[in-house]
Amino acid sequence: MAILTTIGRKLALLTAALFIALTAVVILYRVAYAGHVLPNVSVGNVDVGGLSATVAEAKVSARLRALHDVGIPLKFDSETQVIHLQQFGLNIDGSAAVKQAMSVGRRGDILHRINESSKNFFVGTRLAAPLSIDEVALTSEIADIATLYDEPGRDIRLSINGTNVNVLKDTKPGLIIDQQKLRNDLLASAAELEFQPLVVEKISTQPSIDPGTVADAVNAVKRVIGKPLVLVYQGNRYTVTREELGSFVASASEGNKLTVHFDTVALSKFVADLADKMNTTAKNLQVVVNENQVVSFSAPQPGRTLQEEDTILLLTQALQVRLQGQEEVSELSLPVSVREPVIDGSAADLGIRELIGTATTSFSGSPKNRIANIKNGTRFLSGLLVKPGEEFSTLQSLGSIDNTTGYLPELVIKGDRTVPEFGGGLCQVSTTLFRSLLNAGLPITARQNHSYRVSYYEKDGNGVRIGPGLDATIYSPRPDLRFRNDTANSLLIVGRVEGLLITFDLYGTKDGRQSVVDGPHTLSSIPSGDPIYVESDTIGANEKKLLEHAHPGGSAIAKYTVTYGDGHVINQEFKSYYRPWPERWLVGSDTLEAKKMNSAITSVTNEAAPVVVE
């Protein structure tokens, strides 16, 4: 027993001595590197060990600038595309990363410090850079990439042509981007401050619908389109034909079952067209101009608005009753609201005396719905007052960009379908307004270029090519075009559409400021890449249809200088990054392009023949 006690005392003394020695080493270690990061510490792949906080932050910042300018390459089979982190709403906090590096071996109690310092001494410490993430932007950009490179499959589905219900049996497997893995890889690469290419992986999808469920789906569609539906408002009657009802119906899958649902986009477009016939716009302000001088406002007018969201809900509920085989609804009363105008003071009282900025752009070649959206957006902005010191938001002023405010869908490609999206063309409105703000010398507080180059925005109002870099995209909930009224008086926004030209005039009181825009200057150019083909059953089997011309990617810069009347100068830079955008085609199933795609997918997935409904 005495021997064991003696051994225990010696072990305790040895442990205490070792603890004291380690403590001393840690203290000496920290003293030797006071004000510096401990050796063997890195932020991602940037070694900051032994550096002072200032030098470490400078080194990390240099890496961030390089990453910001160069971007991260994405490899799609044999093609590589460079993306920039700001496109994905990713921001890296270099200062926070250096603070974490400085804290290694210096945080927690003495035992934690000893443990952390010892581990760092022998194996080193690698820290991930702190990220802030805009989830909406990240998800949206990854979805856009998937739209370009996905090769969607086809399952059993219904096609409604007029009042005929057809079963399409030409199934095939698909090959689509693993969006979750791409997201994780992007975040990991950004946190590591890494430039190495990321290989974008694809996953296969297989047809799964049970042919035995098709008959019930066909019968459900026939119940929906059995008879027309009448919409009523103050004695006016609008008939929804059987063919129009059929356009609202689409098929989908629930597990292995073919089901029927209502196409909200088609419903929204129908209601938007109806609203365009019924609505009258309330006029709060109507400016009268004489030789560029605002002399008075005309009387305001009340407006009548179809409540489009409520109308869509009523339609959907009525069709759902038919779908379920319940008692049919044959007539609906339309919900309409009347909006009274707001009467404002005179132009003179508000300081609206003269034209201070103007810009014009052309939308020649635009399809019908795009033109309608440009006109509607211009009406929303025209007549708005911006008070002194107030920040103006274009998105907030345009109202909800959906089926509730008169906007129409415009076709875009998503996967192997062409689908409408509300508000297509509104960027023509924001871009024209942006250029009028530059001409007026007003400070821009938020502006974002398009993801892709768009030909509409690469010319001035006279049709002269100026190149990319003076566009301003908007898309709810972001990005937005915003500016601040830093004049001493209110500003009046007046927009107009004449023929194929849109113009924004800004009225207020001149205060002696002068503005100059140097650019836009193209900094780099990236080839558009090989054409993309999307097989579709909406065209003939041997037909091809060009949906979008190719656009090269690259970067551009415009420098904006405002010299105020008192001599002080404000400078802004507008940097733009554009992704390459290949030609996009719809192709029929018997075209050479479709056969090559199907052959490639079959060889990759090695699947058996598709399911056929007998």
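Computed from a prediction, not measured in an experiment: that's the story for all the values here. We number each residue from 1, following the sequence as shown.
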Problem - Ser436 side chain to Gly357 backbone, donor-acceptor under 3.5 Å - result: no

Handout entry: For the student: nearest non-hydrogen atoms of Lys510 and Leu355, plus distance
Key = CE-O, 3.1 Å

Exercise for the section: Please answer whether the main-chain N or O of Val454 pairs with a side-chain N or O of Tyr578 as donor and acceptor at a distance below 3.5 Å. Expected result: no

Exercise for the section: Any pair with a residue in residues 463-474 that passes salt bridge (charged side-chain N to carboxylate O under 4.0 Å, His left out), sequence neighbours left out, goes on the list, sorted by first then second residue, please. Expected result: Arg447-Asp471, Glu458-Arg465

Handout entry: Point-to-point distance, once rounded to the nearest 0.5 Å, from CG of Leu148 to CD of Glu79
Key = 8.5 Å

Handout entry: Asp480 side-chain N/O to Leu395 backbone N/O, donor-acceptor pair under 3.5 Å
Key = yes

Handout entry: Rounded distance (nearest 0.5 Å) linking atom OG of Ser333 with atom CG of Leu314
Key = 9.0 Å

Exercise for the section: Say whether, by atom type as modelled, one donor and one acceptor occur between the side chain of Arg435 and the main chain of Leu470 under 3.5 angstrom. Expected result: yes

Fill in the blank from the handout: Sequence neighbours excluded, the answer for salt bridge (charged side-chain N to carboxylate O under 4.0 Å, His left out) partners of Arg496 is Glu498, Asp505

Practice task
Sequence neighbours left out, what passes salt bridge (charged side-chain N to carboxylate O under 4.0 Å, His left out) with Glu543? Give chain and number order.
Solution key: none

Exercise for the section: Please lay out, stage by stage, how Leu315 and Leu229 fare under the test side chain to side chain contact (heavy atoms under 4.5 Å, CB included). Expected result: CA-CA 9 Å; Leu315 275 171; Leu229 180 64; 3.5 Å; yes

Problem - Non-neighbouring partners of Asp144 that pass salt bridge (charged side-chain N to carboxylate O under 4.0 Å, His left out), sequence neighbours left out - result: none

Practice task
Please check if atom CD in Glu244 has more than 12 non-hydrogen atoms from other residues, nucleotides or ligands closer than 6.0 Å.
Solution key: yes

Handout entry: Pairwise distance SG(Cys427) to CG(Leu481) - rounded to 0.5 angstrom
Key = 10.0 Å

Fill in the blank from the handout: CG (Leu433) and CG (Leu398) are apart, to the nearest 0.5 Å, by 9.0 Å

Practice task
Go through the structure and list residues passing ring pair (Phe, Tyr, Trp, His ring centres under 6.0 Å) with Phe363, not counting sequence neighbours.
Solution key: none

Problem - Heavy-atom pair of closest approach, residues Pro335 and Asp310 - result: CG-CB, 3.7 Å

Handout entry: Contact summary for Gly467 and Pro520, nearest pair of heavy atoms
Key = O-CG, 3.9 Å

Exercise for the section: Mind checking ring pair (Phe, Tyr, Trp, His ring centres under 6.0 Å) for Tyr564 and listing every partner two or more places apart, or none if nothing turns up? Expected result: His568

Practice task
Would you confirm whether the ring centroid of Phe392 sits within less than 6.0 angstrom of the ring centroid of Phe483?
Solution key: yes

Exercise for the section: Would you sort out whether Arg584 and Val534 count as a side chain to side chain contact (heavy atoms under 4.5 Å, CB included), showing the intermediate values? Expected result: CA-CA 8 Å; Arg584 296 186 298 174; Val534 180; 5.9 Å; no

Practice task
List the atom of His261, the atom of Ser251, and the distance in Å for their closest heavy-atom pair.
Solution key: NE2-O, 3.7 Å

Exercise for the section: Enter the distance from Ile72:CD1 to Ile83:CD1 here, rounded to the nearest 0.5 Å. Expected result: 5.0 Å

Handout entry: Intermediate values then yes/no, side chain to side chain contact (heavy atoms under 4.5 Å, CB included), Ser247 and Asp263
Key = CA-CA 8 Å; Ser247 71; Asp263 186 338; over 6 Å; no

Handout entry: Asn376 side chain to Arg379 side chain, donor-acceptor N/O pair below 3.5 angstrom
Key = yes

Handout entry: Approximate separation, where rounding is to 0.5 Å, of Leu90 CG and Ile133 CD1
Key = 6.0 Å

Could you pull out every donor-acceptor pair under 3.5 Å between side chains of residues 487-495 and any protein atom, sequence neighbours left out?
| residue | atom | partner | partner atom | Å |
| --- | --- | --- | --- | --- |
| Thr487 | OG1 | Asn485 | OD1 | 2.7 |
| Thr487 | OG1 | Asn489 | N | 3.4 |
| Thr487 | OG1 | Asn489 | O | 2.9 |

Exercise for the section: Walk me through it: do Leu437 and Phe504 pass the test side chain to side chain contact (heavy atoms under 4.5 Å, CB included)? Expected result: CA-CA 9 Å; Leu437 298 171; Phe504 274 103; over 6 Å; no

Problem - Asn373 side-chain N/O to Leu426 backbone N/O, donor-acceptor pair under 3.5 Å - result: no

Problem - salt bridge (charged side-chain N to carboxylate O under 4.0 Å, His left out) contacts in which one or both residues fall within residues 81-91, not counting sequence neighbours - result: none

Handout entry: Taking every non-hydrogen atom, the tightest pair across Pro479 and Gln448
Key = CB-CB, 3.6 Å

Practice task
Determine whether Pro582 and Asp530 make a side-chain contact, defined as any pair of heavy atoms from C-beta on separated by less than 4.5 Å.
Solution key: no

Practice task
Please report the shortest heavy-atom distance between Ala146 and Gln179, naming the atom on each side.
Solution key: CB-NE2, 3.5 Å

Completion exercise
Applying ring pair (Phe, Tyr, Trp, His ring centres under 6.0 Å) to Phe380 and not counting sequence neighbours gives Tyr407

Problem - Centroid-centroid distance, His551 to Tyr452, less than 6.0 Å - result: no

Handout entry: Whether Thr431 side chain and Ala472 backbone form a donor-acceptor pair below 3.5 Å
Key = yes

Handout entry: Working for salt bridge (charged side-chain N to carboxylate O under 4.0 Å, His left out), residues Lys277 and Asp273
Key = CA-CA 7 Å; Lys277 300 173 184 175; Asp273 288 340; over 6 Å; no

Handout entry: Heavy-atom check, side chain of Arg370 versus side chain of Tyr456, under 4.5 Å
Key = yes

Handout entry: 4.5 Å side-chain heavy-atom contact, Glu573 and Ile557
Key = yes

Problem - With sequence neighbours excluded, residues passing side-chain hydrogen bond (donor to acceptor under 3.5 Å, both in side chains) with Asn462 - result: none

Problem - Heavy-atom side-chain proximity of Thr591 to Tyr533 below 4.5 angstrom - result: no

Problem - Any residue meeting salt bridge (charged side-chain N to carboxylate O under 4.0 Å, His left out) with Glu141, in chain and number order, not counting sequence neighbours - result: Arg579

Problem - Donor-acceptor under 3.5 Å (His84 side chain, His68 main chain) - result: yes

Practice task
Could you tell me whether the side chain of Asn449 and the main chain of Tyr577 form a donor-acceptor pair under 3.5 Å?
Solution key: yes

Practice task
Answer with yes or no whether the side chains of Thr305 and Ser337 bring together a donor and an acceptor at under 3.5 Å.
Solution key: no

Practice task
May I ask you to decide if Ser362's main-chain N or O and Gln428's side chain share a donor-acceptor pair within less than 3.5 Å?
Solution key: yes

Problem - Passing candidate, side-chain contact (heavy atoms from CB on, under 4.5 Å) with Val562, options Gln514, Gln572, Arg513 - result: Arg513

Practice task
Examine distances only and state if a side-chain atom of Arg242 and a backbone atom of Ile225 form a donor-acceptor pair shorter than 3.5 Å.
Solution key: yes

Practice task
Determine, using ring centers only, whether Phe434 and Tyr457 are less than 6.0 Å apart.
Solution key: no

Handout entry: Contacts of type side-chain hydrogen bond (donor to acceptor under 3.5 Å, both in side chains), residue Ser140, not counting sequence neighbours
Key = none

